[in-house]
Number of protein chains: 2
Amino acid sequence: MISKTCGYAIRGIVFLSLEQNKSTKHGILEIAEDLQIPQHFLGKILQDLVRRGIISSIKGPHGGFFVNSKTIDTPLIEVVEAIDGLGIFKKCFLGREECSSINPCPLHDEFDGCRSAIFKTFENLKISDLVKKIDIGDSYLSLNKEFATEI
Amino acid sequence: MISKTCGYAIRGIVFLSLEQNKSTKHGILEIAEDLQIPQHFLGKILQDLVRRGIISSIKGPHGGFFVNSKTIDTPLIEVVEAIDGLGIFKKCFLGREECSSINPCPLHDEFDGCRSAIFKTFENLKISDLVKKIDIGDSYLSLNKEFATEI
DNA sequence: TTTGATAAAGATATTAAGGTCTTTTATTCT
DNA sequence: AGAATAAAAGACCTTAATATCTTTATCAAA
Ligand code: FES
Ligand code: FES
């Protein structure tokens, strides 16, 4: 659905917004190691987000990436739009040139509802909503190998 | 969700299975033009499907691709499995190494239901179901430019 | 004001998806 | 048998996604 890059972006932003992280700057190396994402790749993604004002950064010693006043209220759809664009919600499931509800493909009706639901979820959820789930221990930004292999 | 290639595959099979098409062989050029898919690319895809027994073909003059006894009863999930593999339903939305309901990411619960719904739809729908929708004029395999630009 | 730390930027590499072109093989018709 | 036809096969190309590496700009502290 959304690209790997976009998932990395969301996880990066949420990481910076976690209760124990939000008051300090974090170097790209720390973030990348914690989230298990290639360092330089994540760096480029976060730079994009800085340019968009979704997060902030400063260079130099004790520099790093950090949240700003906008960060936690950013709706996820804004991140998706920044990285993947909204076109991902307008592609035909069967690879036709366009998706059209007037001239639909045989899977259009089956899946259009699902696609809208996903879109709406991205519109309604904010970074702060994901942060809450992490902070209360409902979910995790990176895979815990021990948990994952449990039955 | 599914790849463009997979969409092409489904459209190719459905084309061969349409009421007015199912009794004859169809050359790759005809199919590709009708569906507006690159000819040689579609050729490779259909060859895959022949190897899997989902459709049939014969070489030589008056040869072409055609349906067999299995074709119209093929569940869509079988085509998806053949082309994309079932792994596409098991990826984490946020690009973690694995999706895990024991150790879920903050979007897991939001979207897992949707993903299962899509999977089940692919399990339940057969080629014949899509054929019906086309035959009664509910939907279309290729984009009708006139329709598409209408209001 | 120099040094070291760190993000920014940009060049390059790799991989996978998507697409094109050419040659081979099987079949039919003359 | 030979020519024509069409799929099969395989080599190759293009583009986009993903990832790595190197250099530059900026800042803070000594
Ligand atoms: S999804 Fe195929 S036309 Fe909308
Ligand atoms: S979707 Fe991320 S863990 Fe399941």
Side-chain angles (χ1 to χ4, degrees), chain A residues 1-9 11-12 15-16 24-33 35-68 80 82-85 87-88 91-92 94-97, chain B residues 1-12 16 24-33 35-68 80 82-85 87-88 91-92 94-97:
Chain A
M1 187 70 242
I2 63 173
S3 70
K4 219 166 168 180
T5 305
C6 192
Y8 290 170
R11 285 203 283 148
F15 176 87
L16 294 176
T24 33
K25 303 188 201 73
H26 298 272
I28 187 62
L29 185 61
E30 177 201 352
I31 308 171
E33 277 181 351
L35 299 180
Q36 296 162 208
I37 298 174
Q39 180 193 156
H40 297 290
F41 190 38
L42 181 58
K44 293 203 152 298
I45 298 167
L46 295 188
Q47 285 156 30
D48 258 4
L49 298 172
V50 169
R51 254 174 255 121
R52 301 241 175 199
I54 296 174
I55 57 175
S56 299
S57 70
I58 57 170
K59 297 181 181 182
H62 311 122
F65 295 91
F66 56 99
V67 297
N68 59 36
V80 174
I83 307 289
D84 288 341
I88 61 166
K91 290 193 295 189
C92 171
L94 290 184
R96 301 183 338 166
E97 291 172 29
Chain B
M1 187 70 244
I2 63 173
S3 69
K4 218 166 169 180
T5 305
C6 192
Y8 290 170
I10 294 173
R11 285 204 283 148
L16 294 176
T24 32
K25 302 188 202 73
H26 298 272
I28 187 61
L29 185 62
E30 176 201 354
I31 308 172
E33 277 181 351
L35 298 180
Q36 294 158 212
I37 299 174
Q39 179 193 155
H40 297 291
F41 189 38
L42 182 59
K44 291 199 155 301
I45 298 167
L46 295 189
Q47 283 156 32
D48 259 2
L49 299 171
V50 169
R51 255 175 255 120
R52 301 243 174 197
I54 296 174
I55 56 175
S56 300
S57 72
I58 57 171
K59 296 181 179 181
H62 309 123
F65 295 91
F66 57 98
V67 297
N68 59 37
V80 174
I83 306 290
D84 287 341
I88 61 168
K91 290 194 296 190
C92 171
L94 289 184
R96 302 185 335 166
E97 291 173 26

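Below, chains carry the letters A, B, ... as their sequence lines are ordered, and counting in each starts from 1.
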Q) Arg51(B) side chain: which of dT28(C), dA8(D), dA9(D) is closest? A) dA9(D)
**Q.** Nucleotide dT20(C), atom C1' - distance to CG of Leu42(B) in whole Å
**A.** 14 Å
Q) Is there a donor-acceptor pair closer than 3.5 Å between any side-chain N or O of Asn68(A) and the backbone N or O of Gly53(A)? A) yes
Q: Taking only the side-chain nitrogens and oxygens of Ser57(A), find out if one of them lies under 4.0 Å from OP1 or OP2 of dT6(C).
A: no
Q: Whole angstrom is fine here: how far is it from CD in Gln39(B) over to P in dA7(D)?
A: 8 Å
Q.
Taking 4.0 Å as the cut-off, does a side-chain nitrogen or oxygen of Lys4(A) come that near to OP1 or OP2 on dA19(D)?
A. yes
Q. Quick one: Asp48(B) CG to dA17(C) P, roughly how many Å, whole number?
A. 13 Å
Q) Among dT20(C), dA8(D), dA7(C), which nucleotide sits nearest the side chain of His40(B)? A) dT20(C)
(Q) If you only use heavy atoms from C-beta on, which nucleotide in dG4(C), dA8(D), dG19(C) is closest to the side chain of Pro61(A)? (A) dG4(C)
**Q.** Given DNA chain D, 5'-ward residue of the pair Ile58(A) and Thr5(A), judged by closest heavy atom
**A.** Thr5(A)
**Q.** Distance, rounded to the nearest Å, where Phe41(A) contributes CZ and dT12(C) contributes C1'
**A.** 15 Å
Q) Pick one: which of Leu49(A), Ile28(A), Ile58(A) meets side-chain contact (heavy atoms from CB on, under 4.5 Å) with Phe65(A)? A) Ile28(A)
Q. Distance-only, no hydrogens or angles: does the Asp84(B) side chain make a donor-acceptor pair with backbone N or O of Ile2(B) under 3.5 Å?
A. no
(Q) Any N or O donor-acceptor pair under 3.5 Å from the base of dG18(C) to the side chain of Lys44(B)? (A) no
Q: Describe the nucleic acid contact of Gly43(B) in one word from base, sugar-phosphate, nothing, applying a heavy-atom distance below 4.0 Å.
A: nothing
Q) Among the nucleotides dA7(D), dG18(C), dT20(D), which one has an atom lying closest to any side-chain atom of Pro38(A)? A) dT20(D)
Q) For Leu49(B) and dA7(D), what is the distance between atoms CG and C1' respectively, to the nearest whole Å? A) 14 Å
Q | Heavy-atom pair with the smallest gap, counting every atom of His26(A) and Ile31(A) | A | O-CD1, 3.6 Å
(Q) Can you measure Ile28(B) atom CD1 to dA8(D) atom P for me and round it to whole angstrom units? (A) 9 Å
Q. Is any side-chain nitrogen or oxygen of His62(B) closer than 4.0 Å to OP1 or OP2 of dC29(C)?
A. yes
Q) When the nearest nucleotide of DNA chain D is assigned to Tyr8(A) and to Gly27(B) on a heavy-atom basis, which residue is associated with the more 5' position? A) Gly27(B)
Q) Testing Ile54(A), Thr24(A), Ile55(A) for side-chain contact (heavy atoms from CB on, under 4.5 Å) with Leu16(A), which one passes? A) Ile55(A)
**Q.** Spacing of Lys59(B) atom NZ relative to dC29(C) atom P, expressed in whole Å
**A.** 17 Å
Q) Could you give the CZ-to-C1' distance, from Phe65(B) to dA9(D), as a whole number of Å? A) 12 Å
